Amino acid sequence: MSGSAFEGFLSTPQMLAVFGEASVIQSMMDFEAALARAEAAVGLIPQAAATAIAGVCRAELYDVPALVAASGRAGSLAIPLVKRLTDTVALFDAQAAQVVHWGGTSQDVIDTGMVLLTRRALALIDDDLSALNAALLALAAQHAGTPVMGRTLMQPASVVSFGFKVLEWAAPLVRCQQRLHAQAARALQLQFGGAVGTLATLGEHGPAVAQHMATQLGLPPWQGAWHTQRDDWVALGCELGVLVGALGKFARDLSLMSQGEIGELAEPTGAGRGGSTALPHKRNPVASMVALAAAQRTPHRVAALLGAMGQEHERGLGNWQAELAEWAGLFISAHGAVHALAEAAAGLQVHPQRMRGHIEALQGLVSAEACTTRLAGAIGKPEAQRLLEQLSQQVMAEGRHLRELVQQAVQADARLREAVPAAEIDRLFDPDHAAQPAARRTQEQLARLQPLAAQLAAARPFADAASPTDPTQQEQA
């Protein structure tokens, strides 16, 4: 399912395996096994038939590439799968073969299979997102008061703290995790409705069968079929898209602050990480690269999901299939981004002296706003604004420090000389003093975000996401 080597290297082996062909087939087999067991539980089919069907619902028993190849001509991956499953059951129990897939439809199999795979995919993303959030919040606490240049429109603005900047990355990610948990609880539902969503084939037993299936598969109680009601499902995809966008924000700033001329941050180094075929000195920010590539591609995938929502009547034609084709790629990109940035954040190299050096290199211009505010108390804001604009132009023309020019201007104006002590002017140009408001905001946000992030990390709502027939799970049991 990775599509190409260029897709695969932007993700992780774990996520590629989740949406690999054998895994997809197994998730659909899990549906068929649960269906047979549920129907036996309510007396619709013999227990022996359910045992025979469930016993061969294992992907390794089948030619998976052949099933995938046949799906194009059949119009659904479920059609060749059910046929081969029926043929295999018939080898052992001809009577059981008559009730394979009884009362289900192709979309029930595929959608529920995708729900099971998505739960596993979310488990991977959630674990790495918890690690990333913890690392960033710890970094913010460590550097709550470390001065760094605040930049607006890509230009120097005023001094903030590095901890404050880190929270610009972390706060959206914590909120994204919170929303993913909530939306997944609504979206990860059993799909089971039969041909047109009414479970008519199963008669009065339909709801009981559905409830038994949901329990077996570890899903919430059945709420009814959602064949062409894609709102909760697509909303989950949209939330993942927002997460990737938030990761892209972090990656963009990280890459800019890691540029050699800036050097305020550096991604961790290691054998084979971020090298160059031509330039041995280079340290390419590969984690940022992976996340930025995901952020570049994800909006198109989310748009495709939204565009596919207008599905016809009780079963969509082409749009549902388009949604399926986009879904795996969305998760493959997302996990590549969050995993790469979690690794980068855990070993991020921070250079406070470089941060301070860039502040000082601007000859005090980053304190112009603070000076305007302070002088405005004595001469009014319009006059103070004009004065600082004039002095700032003088700094750029003459290469002098703004502090020196402000001190001269204060001494030359009796109104300012009486109202603004020289020591106070010096404090206006102190980076540590300038970072204090940002440090206070950082501490305030940390007091709220750290408990929330810990709560989300402890929740682990997708922890038991392995396939019910996964051999490794059975061995652990």
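Numbering starts at 1 and runs along the sequence shown. For clarity, every value in this text was computed on a predicted model and none was experimentally measured.
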With distance as the sole test, does [X] use its side chain to make a donor-acceptor pair with the main-chain N or O of [Y] at under 3.5 Å?
X	Y	result
Gln211	Pro221	no
Glu239	Leu236	no
Ser23	Val18	yes
His433	Phe429	no
Ser258	Ser255	no
Gln107	His227	yes
Arg315	Ala195	yes
Glu267	Ala287	yes
Ser161	Gly145	no
Asn133	Ser130	no

Worksheet item: For atom NZ of Lys83, is the number of surrounding heavy atoms from other residues, nucleotides or ligands below 6.0 Å larger than 12?
Response: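 No.
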Worksheet item: Counting heavy atoms not belonging to Glu444, are there more than 12 under 6.0 Å from its CD?
Response: yes
Worksheet entry | Candidate pair Leu67 and Arg84, rule side chain to side chain contact (heavy atoms under 4.5 Å, CB included), full reasoning | CA-CA 8 Å; Leu67 291 175; Arg84 288 296 299 122; 3.5 Å; yes
Practice prompt. Under the side chain to side chain contact (heavy atoms under 4.5 Å, CB included) rule, what do Leu265 and Met355 come out as? Steps first, then yes or no, please.
Written response: CA-CA 9 Å; Leu265 299 176; Met355 296 176 181; 4.0 Å; yes
Look up atom [atom1] in [X] and atom [atom2] in [Y], then write down how far apart they are to the nearest 0.5 Å.
X	Y	atom1	atom2	value
Leu35	Leu202	CG	CG	7.5 Å
Leu402	Gln363	CG	CD	9.5 Å
Asp30	Thr112	CG	OG1	10.5 Å
Glu60	Ile25	CD	CD1	12.5 Å
Ser106	Asp111	OG	CG	10.5 Å
Leu305	Arg230	CG	CZ	10.0 Å

Practice prompt. Evaluate side chain to side chain contact (heavy atoms under 4.5 Å, CB included) for Val115 paired with Leu217, printing each intermediate quantity in order.
Written response: CA-CA 10 Å; Val115 165; Leu217 297 172; over 6 Å; no
Discussion item. For Val209 and Leu199: C-alpha separation, side-chain torsions, deciding distance, then whether side chain to side chain contact (heavy atoms under 4.5 Å, CB included) applies.
Written reply: CA-CA 10 Å; Val209 170; Leu199 292 179; over 6 Å; no
For [X] versus [Y], what's the shortest heavy-atom pair and its separation?
X	Y	answer
Val174	Ala453	CG2-CB, 4.2 Å
Thr298	Ser333	OG1-CB, 4.4 Å
Ala337	Ala291	CB-CA, 3.7 Å
Gln349	Pro268	NE2-CA, 4.2 Å
Gly104	Phe192	CA-CE1, 4.1 Å
Gly237	Leu330	O-CD2, 3.6 Å

No-hydrogen, no-angle side-chain donor-acceptor test under 3.5 Å, [X] and [Y]:
X	Y	answer
His101	Glu32	yes
Glu264	His358	yes
Glu312	Asn319	yes
Asp232	Gln189	no
Ser27	Arg120	no

Salt bridge flag under 4.0 Å for residues [X] and [Y]:
X	Y	result
Asp432	Arg356	yes
Asp231	Arg186	no
Arg301	Glu326	yes

Would you check if [X] and [Y] make a side-chain contact, meaning some heavy-atom pair closer than 4.5 Å?
X	Y	answer
Leu132	Phe250	yes
Val160	Arg441	no
Met257	Arg354	no
Leu247	Leu243	yes
Leu81	Met29	yes
Leu456	Leu452	yes
Val234	Glu323	yes
Arg175	Val242	no

Practice prompt. State which residues pass side-chain contact (heavy atoms from CB on, under 4.5 Å) with Thr228; sequence neighbours excluded, sorted by chain then number.
Written response: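 If we apply the side-chain contact (heavy atoms from CB on, under 4.5 Å) test to Thr228, skipping adjacent residues, the hits are Gln311.
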Fill in: Check: His181 ring centroid to Phe462 ring centroid under 6.0 Å
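Yes; Phe462 has its ring centre under 6.0 Å from that of His181.
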Discussion item. Can you pull out every ring-ring contact (aromatic ring centres under 6.0 Å, His included) where at least one residue sits in residues 304-330? Sequence neighbours excluded, please.
Written reply: Trp233-Trp327, Trp327-Phe331
